[in-house]
Amino acid sequence: QVQLVESGGGLVQAGGSLRLSCTASGLTFYNYAMGWFRQAPGKEREFVTAITWSGSNTLYADSVKGRFTISRDNAKNTVYLQMNSLKPEDTAVYYCAGRYGSLPVDAYAYPHWGQGTQVTVSS
């Protein structure tokens with residue numbers, strides 16, 4: 001079965017940086033788009049960013065544009081989320097997700113999900 005495993009979460013002060021990783025097993029990333037979503041306590045899961053298999057196209061939520069960067073290394077079946085200038089409102093559980101084809105922003109369009117990794121940003 002497909003497995004996605006996130007790592008790299010933790011506690012950081014506002015203005016700091018974290019780099020999340022998501023490694024896939026059980027599938028290849030060929031023609032698979034990958035995305036990152038996050039969910040804060042009491043809130044709905046929201047779109048953060050997504051990237052095509054080739055890396056030629058990316059999408060970012062307005063709230064993270066200019067601060068977060070998504071990238072991928074297909075040889076390692078891994079997608080990354082570099083998070084800079086972190087804010088307390090970035091605190092959430094971050095999930096990676098995968099799907100074949102295009103880059104929807106709807107969580108339900110992604111059939112493959114990781115277990116999530118906690119990111120906490122203190123003020």
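Reckoned from all heavy atoms, side chains included, excluding hydrogens, waters and symmetry mates. Start at 1 with the first residue, then count along the sequence.
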*Nearest-0.5 Å distance that lies between atom OG in Ser25 and atom CG in Asn77*: 8.5 Å
*Phe37 versus Val105, closest heavy-atom pair with distance*: CE2-O, 3.5 Å
*Just how far is it from atom NZ of Lys87 to atom CZ of Arg67, taken to the nearest 0.5 Å?*
4.5 Å
*asked:* Quick check with a 6.0 Å cut-off and a 45 degree axis cone: is Arg72 positioned over the face of Tyr80's six-membered ring?
replied: no
*List the steps and the verdict of side-chain hydrogen bond (donor to acceptor under 3.5 Å, both in side chains) for Tyr94 and Arg38.*
CA-CA 4 Å; Tyr94 283 71; Arg38 66 187 183 186; 2.9 Å; yes
*About how many Å separate SG of Cys96 and CE of Met34, when rounded to the nearest 0.5 Å?*
5.0 Å
_Thr91 and Gln118: CA distance, side-chain angles, deciding distance, side chain to side chain contact (heavy atoms under 4.5 Å, CB included) verdict_ = CA-CA 8 Å; Thr91 296; Gln118 177 70 47; 4.0 Å; yes
*Report whether Val79 and Val93 are members of the same hydrophobic cluster (ILVMFWY, side-chain heavy atoms less than 4.5 Å apart, transitive linking).*
no
*Can you tell me how far the OG1 atom of Thr52 sits from the CG atom of Asn57, to the nearest 0.5 Å?*
5.0 Å
*Can you hop from Val121 to Leu20 via hydrophobic side chains spaced under 4.5 Å?*
yes
*Write down the atom of Pro88, the atom of Ala14, and the distance for their closest heavy-atom approach.*
CD-CB, 4.1 Å
_Under 3.5 Å donor-acceptor, Asp73 side chain and Ala75 backbone_ = yes
*Shortest non-hydrogen separation from Ala40 to Ala92 and the atoms involved*: N-CB, 3.8 Å
*Output yes when a side-chain donor or acceptor of Thr117 lies under 3.5 Å from a complementary backbone atom of Gly9, and no otherwise.*
yes
*Transitive ILVMFWY side-chain link Tyr30 to Ile51, under 4.5 Å*: yes
*Hey, are Lys65 and Asp62 close enough for a salt bridge, meaning a charged N less than 4.0 Å from a carboxylate O?*
yes
*Mind listing the closest non-hydrogen atom pair of Leu4 and Ala24 along with its distance?*
CD2-CB, 3.4 Å
*What is the minimum heavy-atom distance between Val64 and Val48, and which atoms define it?*
CG2-O, 3.6 Å
*If we ignore angles and hydrogens, is there a donor and acceptor under 3.5 Å between the side chains of Glu46 and Gln39?*
no
*Heavy-atom pair of closest approach, residues Arg99 and Ala109*: NH1-O, 3.1 Å
*In terms of hydrophobic clustering (I, L, V, M, F, W, Y; side-chain heavy atoms under 4.5 Å; direct or indirect links), are Leu81 and Trp113 co-clustered?*
no
*asked:* Set out, in order, the CA-CA distance, both residues' side-chain angles and the distance that settles side chain to side chain contact (heavy atoms under 4.5 Å, CB included) for Tyr60 and Thr49, then state yes or no.
replied: CA-CA 4 Å; Tyr60 293 93; Thr49 182; 3.2 Å; yes
*Rounded to the nearest 0.5 Å, what separation is found between the OH atom of Tyr32 and the CH2 atom of Trp53?*
13.5 Å
*Going by atom types alone, do Thr23 and Thr78 pair a side-chain donor with an acceptor below 3.5 Å?*
yes
*Is there side-chain contact between Met83 and Ser17, with heavy atoms separated by less than 4.5 Å?*
no
*Would you check, one step at a time, whether the test side chain to side chain contact (heavy atoms under 4.5 Å, CB included) holds for Cys22 with Tyr95?*
CA-CA 9 Å; Cys22 175; Tyr95 299 89; over 6 Å; no
*From Leu103 CG over to Phe47 CZ, what is the distance, rounded to the nearest 0.5 angstrom?*
7.5 Å
